[in-house]
Amino acid sequence: MSAELNSSSDSLNDPVKHPRFMGLTGRPLSLAVSVVATTGFLLFGYDQGVMSGIISAQPFNDYFPETKDNSTWQGFVTAIYEIGCLLGAVFILLFGDKLGRRRAMIIGAAIMILGVLIQVTSFKGHKATAQFIIGRTVTGFGNGVNTSTIPTYQAECSKTTNRGLLICIEGGIIAFGTLIAYWLDFGCTYGPPNLTWRLPIAFQTVFGLVVCIFMVWLPESPRWLLTKDRTEESMQVIAALRGLHVNDDETKLQANIIMDSIRASGHHGGNTPMSALFTGGKTQHFRRMLLGASSQLFQQIGGCNAVIYYFPILFQKSIGQTHTMSLLLGGVNMVVYAIFATVSWFIIERAGRRKLFLIGTIGQCLSMVLVFSCLIPGTPSAAKGAAVGLFTYIAFFGATWLPLPWLYPAEINPIKTRAKANAVSTCSNWLFNFLIVMITPVMISSIGWATYLVFAIINAAFFPLILIFYPETRKRSLEEIDLIFAKGYLENISYVRASKEMPFLNDTEIDAKAREYGFVSEDEEAGQLKEARFEEEEISGTQGAIMA
């Protein structure tokens with residue numbers, strides 16, 4: 001008995017049979033993956049918000065004179081970051097499949113750190129503004145790489161039961177990053193002139209180093225490994241993430257289900273061509289890419305940046321508050337933003353994606369109606385009602401439209417096109433982010449309160465599109481979502497209806513349904529059976545030799 005216990009203990013510590021990463025397996029390893037992925041999005045939120053309290057600060061304007069009292073230069077220095085992000089997303093679109101998720105995240109974080117170093121080493125009299133702009137662009141490029149990769153990596157490493165929660169935490173943590181940046185900016189205004197802008201920008205390297213260093217020891221996505229025929233490595237990652245033996249039946253079943261999905265998509269053993277994004281059939285690559293990209297598009301054109309940017313200006317110009325008080329109230333708005341960003345963490349798997357999208361759309365639309373209605377009279381007392389509308393807007397946005405567009409593309413797209421389609425979605429985000437940031441000041445100065453009427457109408461237009469076209473993915477595995485689109489196509493019904501009619505399936509049922517829908521050909525199935533029989537014969541022969 002003692003010998004058996006020792007043998008069992010040795011087996012658990014065997015890194016081949018019970019693989020570990022960073023010395024972790026099972027739940028602790030999954031938690032480590034989530035923490036590092038979430039830190040990447042905390043860095044994203046921080047970098048999004050860090051310039052808000054710096055760009056108009058006197059010490060920054062004195063050091064970079066081009067930005068002093070020049071809204072065009074201030075807007076350009078801030079918005080060039082979005083162009084860098086767009087280029088980073090395009091880079092992943094072209095090379096993401098080749099690099100893999102893990103390597104892309106390391107590269108993205110390293111590039112962000114490089115961009116920060118370029119910014120903080122700008123010295124007056126040595127073309128400082130040009131160097132700062134280059135640094136902003138480089139940092140943006142790294143962030144574009146990360147935001148295109150991290151949701152995909154998290155989705156492919158997560159269990160079905162908590163995938164939505166984990167990616168919603170990533171999306172929601174953007175608000176916390178912005179909150180940290182805003183209050184650090186505010187605190188640094190009381191320090192020496194150089195501290196006002198150098199410390200807030202330099203601080204983001206802390207988050208970048210966490211991603212860059214820890215990803216070296218964390219596993220690659222098992223789904224990406226299987227597309228590259230690295231079966232043994234993928235089995236080790238699946239076993240490690242589930243806390244199982246590498247030869248456990250569940251480990252093998254998970255690998256088989258993923259392989260069925262890979263074979264069905266035709267992604268086995270190579271990079272996905274761009275043309276694959278535009279195909280239909282039972283895999284519906286094009287439709288699924290549009291669903292993911294449209295969610296990112298709707299997030300930006302719904303007016304979130306118009307609210308975040310205009311909030312302090314509204315208090316200062318319309319309500320007559322001081323600059324300091326406006327900044328403090330803006331900080332309170334960011335606290336509200338961060339608090340409501342946690343709401344989806346508790347309800348995402350109960351309410352589902354569709355309901356939260358629809359609730360957020362209604363809330364944002366009505367908030368915009370309140371804002372433009374209260375701005376029409378043009379009086380300070382009426383403008384206070386508009387401020388309430390901005391608070392309710394940011395609450396609804398934080399709880400729904402902030403995290404959901406990062407979750408939906410990562411899970412709605414199939415394994416063959418997931419990296420490229422997610423990059424297209426992120427490109428959509430950054431392109432329209434840049435557009436809204438650039439045109440909102442022009443709209444406010446040209447049409448005033450009607451700016452918010454436009455955003456109210458845009459939000460109202462989202463509702464029927466989501467209702468008709470967005471299938472529910474709640475509590476579905478990534479392979480199960482493939483089956484929903486196959487069902488809709490083969491039975492000629494809407495994909496929303498297919499998602500409602502398909503029962504929740506366990507791993508064995510998913511495997512059977514994949515065969516029913518032709519995701520595994522008879523030849524492949526026969527080959528698998530032949531291989532299984534060969535393995536059984538080999539094991540029997542080995543046991544016979546041992547017995548002899």
*Trace of the side chain to side chain donor-acceptor pair (under 3.5 Å) decision for Asn459 with Thr361*: CA-CA 6 Å; Asn459 276 280; Thr361 297; 5.5 Å; no

Is [X] reaching over with its side chain to a backbone N or O of [Y], donor-acceptor style, under 3.5 angstrom?
X      : Y      : result
Ser122 : Gln119 : yes
Thr152 : Ala419 : no
Gln296 : Thr426 : no
Ser367 : Leu390 : no
Asn433 : Asn429 : no
Ser446 : Met443 : no
Thr178 : Ile174 : yes
Trp345 : Leu165 : no
Arg163 : Ala155 : no
Ser425 : Ala421 : yes

Rounded distance [0.5 Å steps], [atom1] in [X] versus [atom2] in [Y]:
X      : Y      : atom1 : atom2 : answer
Ile394 : Phe397 : CD1   : CZ    : 6.5 Å
Arg223 : Ile238 : CZ    : CD1   : 7.5 Å
Ile92  : Thr149 : CD1   : OG1   : 3.5 Å
Leu43  : Gln204 : CG    : CD    : 6.0 Å
Ile133 : Thr67  : CD1   : OG1   : 9.5 Å
Tyr452 : Ile447 : OH    : CD1   : 10.5 Å

*Taking atom types as modelled, find out whether Gln131 and Thr121 have a side-chain donor-acceptor pair closer than 3.5 angstrom.*
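There is such a pair between these side chains.
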
*Looking just at side-chain N and O atoms, do Ser295 and Tyr470 make a donor-acceptor pair shorter than 3.5 Å?*
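Their side chains do not contain a donor-acceptor pair, so the 3.5 Å distance test is not met.
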
*Between Tyr182 and Tyr337, is a side chain to side chain contact (heavy atoms under 4.5 Å, CB included) present by the stated rule, with each step listed?*
CA-CA 12 Å; Tyr182 196 98; Tyr337 183 32; over 6 Å; no

If you compare all heavy atoms of [X] against all heavy atoms of [Y], which two are closest, and at what distance to 0.1 Å?
X      : Y      : value
Leu241 : Ser30  : O-OG, 3.4 Å
Ser221 : Arg101 : CB-CG, 3.7 Å
Met22  : Phe214 : CE-CD2, 3.8 Å
Ala293 : Ser428 : O-OG, 3.3 Å
Glu156 : Ile415 : OE2-CG1, 4.4 Å
Leu199 : Cys188 : CD2-SG, 3.8 Å

Under a 4.5 Å cut-off applied to non-hydrogen side-chain atoms, are [X] and [Y] in contact?
X      : Y      : value
Glu472 : Lys355 : no
Phe434 : Gln300 : no
Arg136 : Met51  : yes
Tyr153 : Pro219 : yes
Ile54  : Pro200 : yes
Phe91  : Val145 : yes
Phe44  : Ile150 : no
Phe41  : Ile169 : no

*asked:* Is the terminal nitrogen or CZ of Arg198 (NZ for Lys, CZ for Arg) located under 6.0 angstrom from the six-membered ring centre of Phe123 and within 45° of that ring's axis?
replied: yes

*Starting from the C-alpha separation in whole Å, work towards a yes-or-no answer on side chain to side chain contact (heavy atoms under 4.5 Å, CB included) for Val77 and Glu66.*
CA-CA 10 Å; Val77 170; Glu66 291 88 347; over 6 Å; no

*Heavy atoms from other residues, nucleotides or ligands near CZ of Phe340 exceed 12 (cutoff 6.0 Å)*: no

*asked:* Students often mix this up, so state it plainly: with edges at 30° and 60°, are the rings of Phe132 and Trp197 parallel, tilted or perpendicular?
replied: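 Rings of Phe132 and Trp197: perpendicular, over 60°.
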
*Describe, in one word, how the ring planes of Phe186 and Trp183 are oriented to each other, choosing from parallel (under 30°), tilted (30 to 60°) and perpendicular (over 60°).*
perpendicular

*asked:* Let's go through Leu184 and Tyr46 carefully: what are the C-alpha distance in whole Å and the side-chain angles of both, what is the deciding distance for side chain to side chain contact (heavy atoms under 4.5 Å, CB included) to 0.1 Å, and is it a yes or a no?
replied: CA-CA 10 Å; Leu184 186 61; Tyr46 183 92; 3.1 Å; yes

*For the pair Thr473 and Arg353, evaluate side chain to side chain donor-acceptor pair (under 3.5 Å) and give the outcome as yes or no after the intermediate values.*
CA-CA 7 Å; Thr473 56; Arg353 287 54 161 162; 3.3 Å; yes

*Check: Phe298 ring centre within less than 6.0 Å of Phe357 ring centre*: no

_Aromatic contact between Tyr63 and Phe60, with the criterion being ring centroids under 6.0 Å apart: yes or no?_
no

_I'd like to know whether Met368 forms a side chain to side chain contact (heavy atoms under 4.5 Å, CB included) with Ile458, so could you lay out the CA-CA distance, the side-chain angles of the two residues, the decisive distance to 0.1 Å, and finally the verdict._
CA-CA 10 Å; Met368 286 297 185; Ile458 290 172; over 6 Å; no

